[in-house]
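Numbering starts at 1 and runs along the sequence shown. All values derive from a computational prediction rather than experimental measurement.
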Amino acid sequence: MDASQEIKILQSLKGDTYFAQVFKPETIDAMCENIRRDFMIDCGIDVFENCHSAMKARSEALTNKGLLDEANGTIESLREQKSEMTDLIIQLLYAGNNPSTDQEAEKFLDTYIGRKEIIKHKIKLGLKLSDLDEKWLYNNL
């Protein structure tokens, strides 16, 4: 392969290529100039400078992925805690079978949890569905 072919190939590696992810366009140009002058391709070029920035970016990406995984774990834990607290609240509010308390409980739960979640937890806990629950199911299924 002659020098002009090497230069042509190096120039074609600029842009959206794996090679360009490590070597900046000006580094590729410097390599081409070294070939034109018949110097070693890495003469006067800090090849590792480009590698260091790529390695640093990769390290930051791995760190961010770790933080994201940790945040996702926290979110899942909070969802589980919310579900357990919802079960407890529903059990406590409906334990007395007092119609006036049940109506207050319905309003409270509707405001903070939502009808869909109330129904889901009542079914899970084996509690009787209210008229409001049945009406919601009828309208939303």
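- N34 places none of its side-chain heavy atoms less than 4.5 Å from the side chain of D42.
- L132 and I118 fall into different hydrophobic clusters, where Ile, Leu, Val, Met, Phe, Trp and Tyr are joined by side-chain heavy atoms under 4.5 Å apart, directly or via other members.
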Name the atoms and distances for all side-chain donor-acceptor pairs under 3.5 Å in residues 57-66, with sequence neighbours left out.
from	atom 1	to	atom 2	distance (Å)
T63	OG1	S59	O	3.0
N64	ND2	E60	O	3.3
K65	NZ	D69	OD2	2.9

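- Listed by chain and number, the hydrophobic cluster partners of Y138 come to none, as no ILVMFWY side chain reaches under 4.5 Å of it.
- Counting side-chain heavy-atom gaps under 4.5 Å among Ile, Leu, Val, Met, Phe, Trp and Tyr, the cluster of L141 also holds I119, I123, L129, W136, L137.
- The local environment of CD in E26 is crowded, with over 12 non-hydrogen atoms from other residues, nucleotides or ligands closer than 6.0 Å.
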Distance-only donor-acceptor pairs under 3.5 Å for side chains of residues 82-89, two or more places apart:
from	atom 1	to	atom 2	distance (Å)
T86	OG1	K82	O	2.7
D87	OD1	H121	ND1	2.4
D87	OD2	K124	NZ	2.8

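- Judged as a salt bridge (charged side-chain N to carboxylate O under 4.0 Å, His left out), and not counting sequence neighbours, the contacts of E33 are R36, R37.
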Could you go step by step and tell me if L13 and F23 meet the side-chain contact (heavy atoms from CB on, under 4.5 Å) rule?
CA-CA 9 Å; L13 294 173; F23 298 103; over 6 Å; no
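- Residue D38 qualifies as open at atom CG: its count of foreign heavy atoms under 6.0 Å is 12 or below.
- In terms of the ring-ring contact (aromatic ring centres under 6.0 Å, His included) criterion, F39 has no residue partners (sequence neighbours excluded).
- Annotation: F19, atom CZ; neighbour count of heavy atoms from other residues, nucleotides and ligands within 6.0 Å is above 12.
- In this structure, the separation between OG on S4 and NZ on K8 is 8.5 Å, given to the nearest 0.5 Å.
- In this structure, the side-chain contact (heavy atoms from CB on, under 4.5 Å) partners of Q5, at least two apart in sequence or on a different chain, are M1, D2.
- Here salt bridge (Lys or Arg N to Asp or Glu O under 4.0 Å) pairs that include residues 130-140, with residues two or more places apart or in two chains, are R115-D133, K122-D133.
- Every residue two or more places apart in sequence or in another chain was checked for a side chain to side chain donor-acceptor pair (under 3.5 Å) with T74, and none qualifies.
- Shown here are the side chain to side chain donor-acceptor pair (under 3.5 Å) partners of N139, two or more places apart in sequence or in another chain: there are none.
- Remark: R79 engages no residue in a side chain to side chain donor-acceptor pair (under 3.5 Å) (not counting sequence neighbours).
- Evaluation of the side chain to side chain donor-acceptor pair (under 3.5 Å) rule for Q11 yields K14, D29 as partners, not counting sequence neighbours.
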Trace of the side-chain contact (heavy atoms from CB on, under 4.5 Å) decision for L10 with I35:
CA-CA 10 Å; L10 276 173; I35 293 170; 3.5 Å; yes
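- Nearest heavy-atom pair across T17 and A20 is OG1-N, 3.0 Å.
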